[in-house]
Amino acid sequence: MSAVITFLSDFGLTDTYSGICRAVIATVAPEATVIDLTHTVPALDVRRGATALADCVSVAPAAVHLAVVDPDAATRPGVALVAGASRLVGPDNGLLLPAAEALGGIDAAYLLTDGRWHRAPASPVFRGRDVFAPVAAHLATGVAPSDVGPRMDPCRLQRLDGVDSVVGHRQIATQIRHIDCYGNVQLSVTTGDLQRAGLDHGQPVRVGTRHETLDVRRVDSFSDLSSGELGIVEDSFGWLAIVAGAAAAADRLDLRAADPVRLGDD
């Protein structure tokens with residue numbers, strides 16, 4: 001197994017939570033490379049953690065992907081998933097599944113019930129430090145996933161409610177997938193979705209929000225937009241995003257994460 005561990009959490013940058021997890025990893029697997037994807041997932045926002053992890057794993061090397069966004073700590077056992085050459089470790093709350101699917105699907109799933117691989121004594125309120133981080137580190141050193149606990153049916157894994165876009169004839173009903181620090185509005189829509197809806201050839205695309213409906217033109221990059229002008233680009237993860245030239249599109253349109261958006265004919 002690769003001695004690379006990626007680490008994503010909602011621990012933030014103020015407290016010591018992410019640092020102490022890295023310290024545990026260093027104790028178990030001192031030669032592992034740890035890549036911090038982000039620790040600023042909004043607190044307890046499993047859906048945002050899941051989408052962020054899924055966007056990142058496809059560009060990472062084969063690795064152990066450690067993710068901790070755990071609002072229901074200790075109510076369900078943690079899991080280790082095998083997806084191709086990678087492993088995913090975290091709570092069984094839907095956080096890991098989109099990333100596993102991005103890696104080609106789940107080959108096997110195991111419950112993290114074998115205390116040999118946990119930190120002792122373990123706190124019931126900090127599984128990130130005492131269960132997930134040490135298990136991830138042990139997997140990075142070559143421990144077999146089958147050793148961390150009993151195998152389980154992947155169909156029994158907790159899943160997030162579906163947020164798939166509804167693609168119809170010349171219209172798509174979707175929602176905001178993420179708003180980044182620049183105010184770019186990532187949608188749960190791809191160029192392929194536009195093509196299936198018959199919207200890919202015309203310019204501009206009609207965009208409907210809770211507040212207004214307006215026509216927004218497709219562009220290739222931010223440089224195609226004048227200051228404050230709205231546009232739709234394919235972002236670096238392959239999703240369509242509403243952006244604005246040298247401005248925050250989310251502020252301009254008064255949008256928030258998970259808001260509904262319509263594309264195409266009303």
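Just so it is clear, the structure is predicted and the values come from calculations on it, not from any experiment. Worth knowing before you read on, the calculation uses all heavy atoms, side chains too, and leaves out hydrogens, waters and symmetry mates.
- Nearest heavy atoms, Ala257 versus Ile179: N-CD1, 3.6 Å.
- Distance check, rounded to the nearest 0.5 Å: CD1 of Ile25 to CG of Leu66 gives 5.5 Å.
- Arg156 places a side-chain heavy atom less than 4.5 Å from the side chain of Asp153.
- For His211, the NE2 atom counts as densely surrounded, since its 6.0 Å shell holds more than 12 non-hydrogen atoms of other residues, nucleotides or ligands.
- A side-chain donor-acceptor contact under 3.5 Å links Asp130 to the backbone of Ser123.
- In summary, Arg177 and Asp55 engage in a salt bridge, as defined by a charged side-chain N under 4.0 Å from a carboxylate O.
- Annotation: side chain of Val219 is in contact with side chain of Leu225 (closest heavy-atom distance under 4.5 Å).
- Hydrophobic clustering (ILVMFWY, side-chain heavy atoms < 4.5 Å, transitive): Leu44 and Leu160 are in distinct clusters.
- Counting heavy atoms from C-beta on, the side chains of Leu139 and Pro145 come closer than 4.5 Å.
- One side chain, Gln186 or Asp235, offers a donor N or O that lies under 3.5 Å from an acceptor on the other.
- Side chains of Gln175 and Ser188: a donor-acceptor N/O pair is absent below 3.5 angstrom, by distance only.
- In this structure, Ser165 contributes its side chain and Val167 its backbone to no donor-acceptor pair below 3.5 Å.
- Closest heavy-atom contact between Val4 and Ala62: CB-O, 4.2 Å.
- Using a 4.5 Å cut-off on side-chain heavy atoms (C-beta onward), Glu212 and Leu253 make contact.
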**Request:** Kindly determine whether Glu229 and Arg217 satisfy side-chain contact (heavy atoms from CB on, under 4.5 Å), including the steps that lead there.
**Result:** CA-CA 10 Å; Glu229 180 187 7; Arg217 68 187 182 101; 2.7 Å; yes
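- For the pair Arg119 (side chain) and Ala133 (backbone), a donor-acceptor distance under 3.5 Å is absent.
- Distance alone, capped at 3.5 Å, places no donor-acceptor pair between the Arg87 side chain and the Val82 backbone.
- By the 4.0 Å N-to-carboxylate-O rule, Asp36 lies close enough to Arg22 to be salt-bridged with it.
- Gly78 and Arg127 make their closest contact through N-NH1, 3.6 Å (heavy atoms, listed as atom of the first residue, atom of the second, distance).
- Side chain of Asp259 to backbone of Arg256: a donor-acceptor contact under 3.5 angstrom is found.
- Of the inter-residue distances, the one linking His65 atom NE2 with Thr6 atom OG1 reads 5.0 Å to the nearest 0.5 angstrom.
- Counting heavy atoms from C-beta outward, Trp117 and Asp147 have side chains that approach closer than 4.5 Å.
- Residues Val207 and Arg262 are not in side-chain contact: their nearest non-hydrogen atoms beyond the backbone lie 4.5 Å or more apart.
- Annotation for Pro134 and Gly128: closest pair CD-O, 4.3 Å, computed over non-hydrogen atoms.
- Tested against Val189 for a side chain to side chain contact (heavy atoms under 4.5 Å, CB included), the candidates Val205, Ile232, Ile172 yield a single pass: Ile172.
- Rounding to the nearest 0.5 Å gives a distance of 8.0 Å between CZ of Arg48 and OG1 of Thr38.
- Note on Val57 and Val46: same hydrophobic cluster, where clusters join Ile, Leu, Val, Met, Phe, Trp and Tyr whose side-chain heavy atoms are under 4.5 Å apart, directly or indirectly.
- Two different hydrophobic clusters hold Leu240 and Val243 under the rule that ILVMFWY side chains link at heavy-atom gaps under 4.5 Å.
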**Request:** May I have the step-by-step check of side-chain contact (heavy atoms from CB on, under 4.5 Å) for Thr113 and Val148, ending in yes or no?
**Result:** CA-CA 7 Å; Thr113 56; Val148 302; over 6 Å; no
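- Annotation for Gly149 and Asp114: closest pair N-CB, 4.3 Å, computed over non-hydrogen atoms.
- Comment: Arg218 does not engage Asp220 in a salt bridge, judged by the lack of any side-chain N to carboxylate O separation of less than 4.0 angstrom.
- Between Phe132 and Pro91, the closest side-chain pair of non-hydrogen atoms falls below 4.5 Å.
- Annotation: the span from Leu96 atom CG to Gln158 atom CD amounts to 12.0 Å, rounded to 0.5 Å.
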**Request:** Test side-chain contact (heavy atoms from CB on, under 4.5 Å) on Ile242 and Asn184 and set out the steps.
**Result:** CA-CA 6 Å; Ile242 305 171; Asn184 300 320; over 6 Å; no
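- Both Leu8 and Ile35 are part of a single hydrophobic cluster, where members link through side-chain heavy atoms under 4.5 Å apart.
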**Prompt:** What do the steps show when you test Val64 against Val89 for side-chain contact (heavy atoms from CB on, under 4.5 Å), and what is the final call?
**Reply:** CA-CA 7 Å; Val64 178; Val89 176; 4.1 Å; yes
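- Without hydrogens or angle criteria, Asp15 side chain to Tyr17 main chain gives no donor-acceptor distance under 3.5 Å.
- Annotation for Arg76: atom CZ counts as buried by contact number, over 12 foreign heavy atoms lying within 6.0 Å.
- At a threshold of 4.0 Å, the pair Asp265-Arg206 does not count as salt-bridged, since none of the basic side-chain nitrogens sits closer than that to a carboxylate oxygen.
- Annotation: Phe7 is in aromatic contact with His39 [ring centroid separation under 6.0 Å].
- Going from atom OG1 of Thr33 over to atom CD1 of Ile5 covers 9.0 Å, rounded to the nearest 0.5 Å.
- Using a distance-only test at 3.5 Å, with no hydrogens or angles considered, a donor-acceptor pair links the side chain of Arg252 to the main chain of Gly228.
- Between the side chain of Ser86 and the main chain of Ala63, a donor-acceptor pair closer than 3.5 Å is present.
- For the atom pair Ile106 CD1 and Leu97 CG, the distance stands at 4.5 Å (nearest 0.5 Å).
- Within the 3.5 Å criterion, the main-chain N or O of Thr190 finds a donor-acceptor partner in the side chain of Asp193.
- Between Val69 and Gly49, the shortest heavy-atom contact is CG2-CA, 4.5 Å.
- Both Leu214 and Leu199 are members of a single hydrophobic cluster when ILVMFWY side chains are connected at heavy-atom separations under 4.5 Å.
- Looking at Asp107, its side chain does come within 3.5 Å of a backbone N or O of Gly84 through a donor-acceptor pair.
- Residues Leu255 and Ile176 meet the side-chain proximity criterion, which asks for heavy atoms closer than 4.5 Å.
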